[in-house]
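Convention: sequence-line order gives letters A, B, ...; per-chain numbering from 1.
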Amino acid sequence: MALKIYNTMTRRKEEFTPREDNKVGIYVCGVTPYSDTHLGHALPSVLWDVFRRFLRYRGYDVTLVQNFTDIDDKIIARANKEGVPAQAIARRYAQDYLESMDALGVERADHYPLVSEHIPHIIDMVQTLIDKGFAYVEGGDVYFSVEKFPSYGRLSRQRLEDLVEGESAGEGKRHPVDFALWKAAKPGEPSWDSPWGPGRPGWHIECSAMSLHYLGNCFDFHGGGVDLIFPHHENEIAQSEAYTGEEPFVRYWLHNGLIKIKDAKMSKSLGNFVTVKELLAEHPPELIRFFLLSAHYRSPLEYHEDKLAEVRRGWERLNSAYKTLTAAIAQEREADGEVPSPMKESLQGALKDCREGFIGAMEDDFNTALAIAALFDLARETNTFLAEAQPPYDAEALELLREAAELFRVFGGEILGIVQEPGPAGDDKLVQELLDLVIELRSQARARRDFATADAIRDRLREMGIALEDTSGGVRWRWL
RNA sequence: GGCGGCAUAGCCAAGUGGCUAAGGCGGAGGUCUGCAAAACCUCUAUUCCCCAGUUCGAAUCUGGGUGCCGCCUCCA
């Protein structure tokens, strides 16, 4: 099997081959830190967290870079409003972003470059573009000349002539679509010295400078929301390829769909966003990830207030299947029973289906929705097995159950991050033995029809975060 | 106006030429059970926005229409 990726550049699924050996370089457009981190920011971060974990699982050596655009009009505006330095705003919200992502279980990227720390690289790049004739100086501004780059518009499939209409014919721009690489400083703005006078980088140049710096020419993946295709990524391509003289700047372009609220894009400017921290106050991170991964990454994802409550049941079923399974394994110590072969064969088949289904789904353009379905299928099988097979199990059955638990742990936990690890002391011998004792005493109470005592024990355990279930196969406990 | 995308059950959502149109939620019935909880089983789209066409065969390809979304200004 091979990994297939839908490339925005070609609008087709393509087989993935890394630029170099088994190394994979990924650049994901990060946030402009000027206000609270919302769910729309979380989406690409969670997606790439999952993609990266899956690639690593498949043996790739992954380098992930995600920038902070810490120099920007909105940051400056906010800083002026609050009367603090722009850098303080950027730092505060970058911190908020990282905290939010940590809480969502997003593994840290390898690099989080800041524009403000790469000014020399940017100046270098702009100068080279001028020297090569792709850019020109106008006053203290520097513009990229789109007419000098014949394939401009390839990513977004737009012709230069069609773009002209929407563009503000500009102050000193030779062509309306030309975009700023460097902006002359205005009073009260942070600025840096440059060969063209004091100023700051234009919007798109930072991603080119930093991605090339950390990942080199022609790196593997570039990600971001579909709203970045034009002009941001289009401009990145133009300036990067003009600068390096090599193409492609990026080998596979991936764009995720946007989160919508009532059919409109969730965004700061529309004010219709939920912050990640608000969500985390009410929902476990695994559930939030489950929601974000429940549709294919390229589809738009509708959010509303009850959304997480709606998906919660399914998510709980998946998790409780895993908890029930690990508890059953932990409670099974002798392995001297006998389980009918058909049951074991059926479970074995389910393991194979899950493994192939999950990997196949992920390799088909990171189809997380389908991958999750493979876990649901496994959950049904393990639940059935545990409901029907009478303990004690035999060694072979126990081994199959362990394999199933491993699939939940690796696929659901390590890769997707939607399955929680069972309670704090799942393997603790003392907990195990104490529970055995409590369950035994409760069973005696039930046997003499002292249900008040039996129910009291069950209630107290529940308060402690342990659920007891009286099944036909005996009493089982699991962490809540 | 230009460009790109989407439309599958009550809801969410896979599927992009051919086995019974995945999976989840919700709903109905059932099994288990002292109760509870959990779980399992059965049912819940003769049909994929509409109309033409290509094909032995289409949700899937082509053309047209309708509706919605995104981008063209900052945006994940």
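Computed from coordinates, the A/I261 CD1 to B/G70 P distance equals 12 Å when rounded to whole Å. Taking atom CE on A/M266 and atom C1' on B/G70, their separation rounds to 15 Å, with Å as the unit. Between the NE2 atom of A/H41 and the P atom of B/A76 there is a distance of 4 Å, given to the nearest Å. As rounded to whole Å, 16 Å separates atom P of B/C25 from atom CZ of A/F291. When the C1' atom of B/G24 is taken as reference, atom CG of A/L416 falls 15 Å away, rounded to whole Å. The CG atom of A/L258 sits 9 Å away from the C1' atom of B/C69 (whole-angstrom rounding). The distance between atom CG of A/L160 and atom P of B/C72, rounded to the nearest whole Å, is 16 Å. For the pair A/E234 CD and B/G2 C1', the interatomic distance rounds to 14 Å; values are reported in whole Å.
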Next on the checklist: In dot-bracket form, 5' to 3', how is RNA chain B paired? Count Watson-Crick and G-U wobble pairs only if both distances fall under 3.5 Å, and write | where the partner sits on another strand.
Outcome noted: ((((((((.[[[..)..(....]]]((((((.......))))))....[[[[[..)....]]]]])))))))....
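A cation-pi arrangement is found for A/R298 relative to A/Y6, the charged atom lying closer than 6.0 Å to the ring centre and inside a 45° cone about the ring normal.
For the salt bridge (charged side-chain N to carboxylate O under 4.0 Å, His left out) test, no residue two or more places apart in sequence or in another chain qualifies with A/D353. Here A/K352 pairs with A/E356 under the salt bridge (charged side-chain N to carboxylate O under 4.0 Å, His left out) rule; sequence neighbours left out. Partners of A/T8 according to the side chain to side chain contact (heavy atoms under 4.5 Å, CB included) rule, which considers only residues two or more places apart in sequence or in another chain, are A/R11, A/L155, A/I229, A/W253, A/H255. Residues meeting the side chain to side chain donor-acceptor pair (under 3.5 Å) test with A/R200, sequence neighbours left out: A/D73, A/E189. Residues forming a ring pair (Phe, Tyr, Trp, His ring centres under 6.0 Å) with A/Y214 (at least two apart in sequence, or on another chain): A/H111, A/H118. Every residue meeting the side chain to side chain donor-acceptor pair (under 3.5 Å) condition with A/D364, not counting sequence neighbours, appears here in chain and number order: A/K13.
Remark: the separation of the P atoms in B/A39 and B/G24 is 12 Å, to the nearest Å. With both ends at atom P, the span from B/A7 to B/U33 equals 47 Å, rounded to whole Å. Across B/U31 and B/A58, the matching C1' atoms stand 41 Å from one another, rounded to whole Å. Between B/G10 and B/A28, the distance separating the two C1' atoms is 13 Å to the nearest Å. Remark: the separation of the P atoms in B/U60 and B/U42 is 30 Å, to the nearest Å. A gap of 11 Å separates the P atoms of B/A21 and B/U47, to the nearest Å. Rounded to the nearest Å, the gap between the P atom of B/C49 and that of B/U16 is 15 Å. For B/U62 and B/C68, the P atoms lie 24 Å apart once the distance is rounded to whole Å.
In this structure, A/D455 pairs ionically with A/R458, as a charged nitrogen and a carboxylate oxygen lie closer than 4.0 Å. No salt bridge links A/K4 with A/E363; every basic N to acidic carboxylate O contact stays at or beyond 4.0 Å. Electrostatic pairing of A/R52 and A/D110 counts as a salt bridge here, judged by a charged N lying under 4.0 Å from a carboxylate O.
Residue-environment remark: CD (A/E14) exceeds the threshold of 12 foreign heavy atoms within 6.0 Å.
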Checklist entry - Just by protein heavy atoms under 4.0 Å, how would nucleotides 4-18 of chain B read 5' to 3' in B, S and -? => result S-------SSSS---
Item to check | Contact state string [nucleotides 28-44 of chain B, B base, S sugar-phosphate only, - no protein heavy atom under 4.0 Å] | outcome: ------BBBBSSSS---
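Using a 4.0 Å heavy-atom cutoff across all strands shown, A/I259 reaches at least one base atom of the nucleic acid. At the heavy-atom level, A/T8 lies nowhere under 4.0 Å from the strands shown. Within the 4.0 angstrom heavy-atom criterion, base atoms lie near A/G40. Across all strands, A/G223 comes closer than 4.0 Å to no nucleic acid atom at all (heavy-atom distances). Nucleic acid contact class of A/D72 (heavy atoms, under 4.0 Å, all strands): none.
Side-chain contact annotation: A/Y27 with A/E236, donor-acceptor N/O pair under 3.5 Å absent.
Sequence neighbours left out, the pairs with a member in residues 32-50 of chain A that pass salt bridge (Lys or Arg N to Asp or Glu O under 4.0 Å) are A/D49-A/R53, A/D49-A/R289.
Between A/F385 and A/Y393, the ring center distance clears the sub-6.0 Å criterion.
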Please list, pair by pair, any protein nitrogen or oxygen found under 3.5 Å from a nitrogen or oxygen in nucleotides 60-63 of chain B.
none

Output side-chain donor-acceptor pairs under 3.5 Å for residues 339-350 of chain A, partner residues at least two apart or in another chain, one line each.
unit_1: A/K344; atom_1: NZ; unit_2: A/V339; atom_2: O; d: 3.4
unit_1: A/K344; atom_1: NZ; unit_2: A/D394; atom_2: OD2; d: 2.8
unit_1: A/K344; atom_1: NZ; unit_2: A/E396; atom_2: OE1; d: 3.1
unit_1: A/S346; atom_1: OG; unit_2: A/E381; atom_2: OE1; d: 3.4

